[in-house]
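Report on the following structure.
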Amino acid sequence: MRSEEESELRTAQLVFIGKILANFSHEIRNYLAIIRESAGLMCDLIELGKSQEKNQYTESLHSINTQVERSLSLLRYFTRFAHGMDTRLTTFNINEALEDLLALMDRLAKQRRVSLEKNFGADIPAVYSDPTGVLLVIFCLIDENLKRLDRDSRITIETSFFGDRLRINVVAEGNVLSAEEKGTCSDEMLRYLIGELGGDYSKERGKAEITLPLKHGM
Amino acid sequence: MTRTKVLVVDDEVEFASTLAERLRLRGYDARAVFNAEDAVSAAKSDTPEVLLLDMKMPGVDGAEIMRNIKQVYPHVEFIILTGKGIEDEEKEVLTTAFAQVIKPMDINGLTGIIDSAKRKKDTGILRSKV
């Protein structure tokens, strides 16, 4: 691999992790902000001697509970995503790994008013591969589509398998913006990454298809 | 003494509603809206003196909202609500807004900033009348 390509790969990896971390941080801040205001409101009511406002206390407590649940849910996805990097090659559930990625990219998509959807095949066998490498590829494809699609568009991630191959489709539906930002990964880099995973890549209008061996390197 | 009119604009409904409620308990004439369109309508129907604006609402360029409202109501002071701070490249926001506040914030600190923004707004109106 040439040094420019290595540099592009490192940049793509860092952008991937950076965006996931930033998004996660932003979401947690929002939940904490709601918790702070809800708890603060209860303090305000107590200090003002408004103890008869039981409904407001209940609402505030319910709000705090909801935000804690949202935080825990996001933390579950984040923890699973982070632990996916523990070992380069491992056995994992592709639908779960993609679910983590979609949950962690949800806000990024909402910023652009693009919906991220999943259409996962049932009973897909466990995959033995590089989970972070696979997610980097899907991240790059989602990121590229987020930058080129107009608002109210949709990106759907589909999974299926045939024989000993896993298929992942990234399907984009919607109008394309006239001024397109550059994606995190070039097409050449994507092909390199997918090649490293033992996979194949094809792209046609609005749809990218990746096929990967269920057992990489075996 | 008239109460300072504050408009809270944030897509997180519970956050914006609760913050507005807490500001009302502190004597502000505060209300909350949850999207850009309602922010512009609210500015038209009952112009706020201070506007607390979430920069990262879905599908919305916060700088554009500021620009649109400032064009018609130049004396409105903006306080930016942000999760990460405003980057140097978002200079227009930095120069136009009165202050930025990083969520989650302390209510006493926020009311101090709102009061300062109100004083600046009143001084600006006084100067433009002289």
Side-chain angles (χ1 to χ4, degrees), chain A residues 18-19 21-50 53 55-71 105-116 146 149-153 174 177, chain B residues 6 8-28 30-32 34-37 52-65 79-87 89-90 93 100-114:
Chain A
K19 280 206 170 156
L21 287 173
N23 219 40
F24 171 75
S25 158
H26 196 105
E27 289 281 11
I28 293 293
R29 271 190 183 280
N30 273 338
Y31 304 154
L32 288 172
I34 298 170
I35 289 170
R36 175 167 265 186
E37 294 312 317
S38 298
L41 178 60
M42 284 172 51
C43 288
D44 291 347
L45 292 172
I46 290 166
E47 280 168 18
L48 287 167
K50 295 196 174 196
E53 310 281 348
N55 280 345
Q56 264 190 310
Y57 290 144
T58 311
E59 269 176 39
S60 288
L61 286 167
H62 181 72
S63 175
I64 290 168
N65 210 40
T66 303
Q67 301 318 311
V68 169
E69 287 303 323
R70 286 171 89 188
S71 303
M105 291 187 77
D106 188 56
R107 189 173 183 88
L108 274 171
K110 281 196 169 100
Q111 281 302 136
R112 304 232 175 199
R113 280 229 180 126
V114 173
S115 70
L116 272 185
L146 284 176
L149 287 171
D150 204 351
R151 51 207 295 181
D152 303 319
S153 298
L177 291 168
Chain B
V6 180
V8 183
V9 184
D10 196 304
D11 65 302
E12 282 282 0
V13 174
E14 283 182 81
F15 170 77
S17 304
T18 310
L19 179 57
E21 172 69 23
R22 296 187 76 197
L23 289 172
R24 284 193 293 272
L25 287 172
R26 283 160 174 78
Y28 296 89
R31 57 191 174 128
F34 316 114
N35 57 64
E37 293 79 16
L52 274 52
L53 176 65
D54 175 18
M55 289 301 286
K56 294 288 181 189
M57 291 190 291
V60 169
D61 176 3
E64 197 182 318
I65 304 177
I79 297 171
I80 300 306
L81 303 175
T82 172
K84 68 173 178 86
I86 301 296
E87 307 287 327
E89 55 265 22
E90 296 167 287
V93 173
Q100 57 169 313
V101 172
I102 298 182
K103 294 171 168 180
M105 62 271 188
D106 170 62
I107 190 84
N108 296 323
L110 177 62
T111 53
I113 295 170
I114 291 172

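As the structure is a prediction and not an experimental result, all values here were calculated from the model.
There is no contact between A/Glu59 and chain B, counting heavy-atom distances below 4.5 Å. If you measure heavy-atom distances from A/Leu32 to chain B, the contacts under 4.5 Å come from both the backbone and the side chain. Contacts of A/Arg29 with chain B are made by both backbone and side-chain atoms, with heavy-atom separations under 4.5 Å. With a 4.5 angstrom heavy-atom cutoff, B/Leu19 touches chain A via backbone and side-chain atoms both.
Annotation: the span from A/Glu37 atom CD to B/Glu12 atom CD amounts to 12.0 Å, rounded to 0.5 Å. Atom CG of residue A/Asp44 and atom CZ of residue B/Arg22 lie 4.5 Å apart, to the nearest 0.5 angstrom.
Side-chain contact between A/Gln67 and B/Glu14: present, with at least one pair of heavy atoms (C-beta onward) separated by less than 4.5 Å. Looking at A/Arg36 and B/Lys103, their side chains never come closer than 4.5 Å, going by heavy atoms from C-beta outward.
Taking chain A as the reference chain and counting heavy-atom pairs below 4.5 Å, the highest number among B/Asp11, B/Leu25, B/Asp10 is found for B/Leu25.
Shortest non-hydrogen contact noted between A/Gln111 and B/Lys56 is OE1-O, 3.0 Å. Shown here for A/Ala33 and B/Pro104, the closest heavy-atom pair between the two residues is CA-CB, 3.5 Å.
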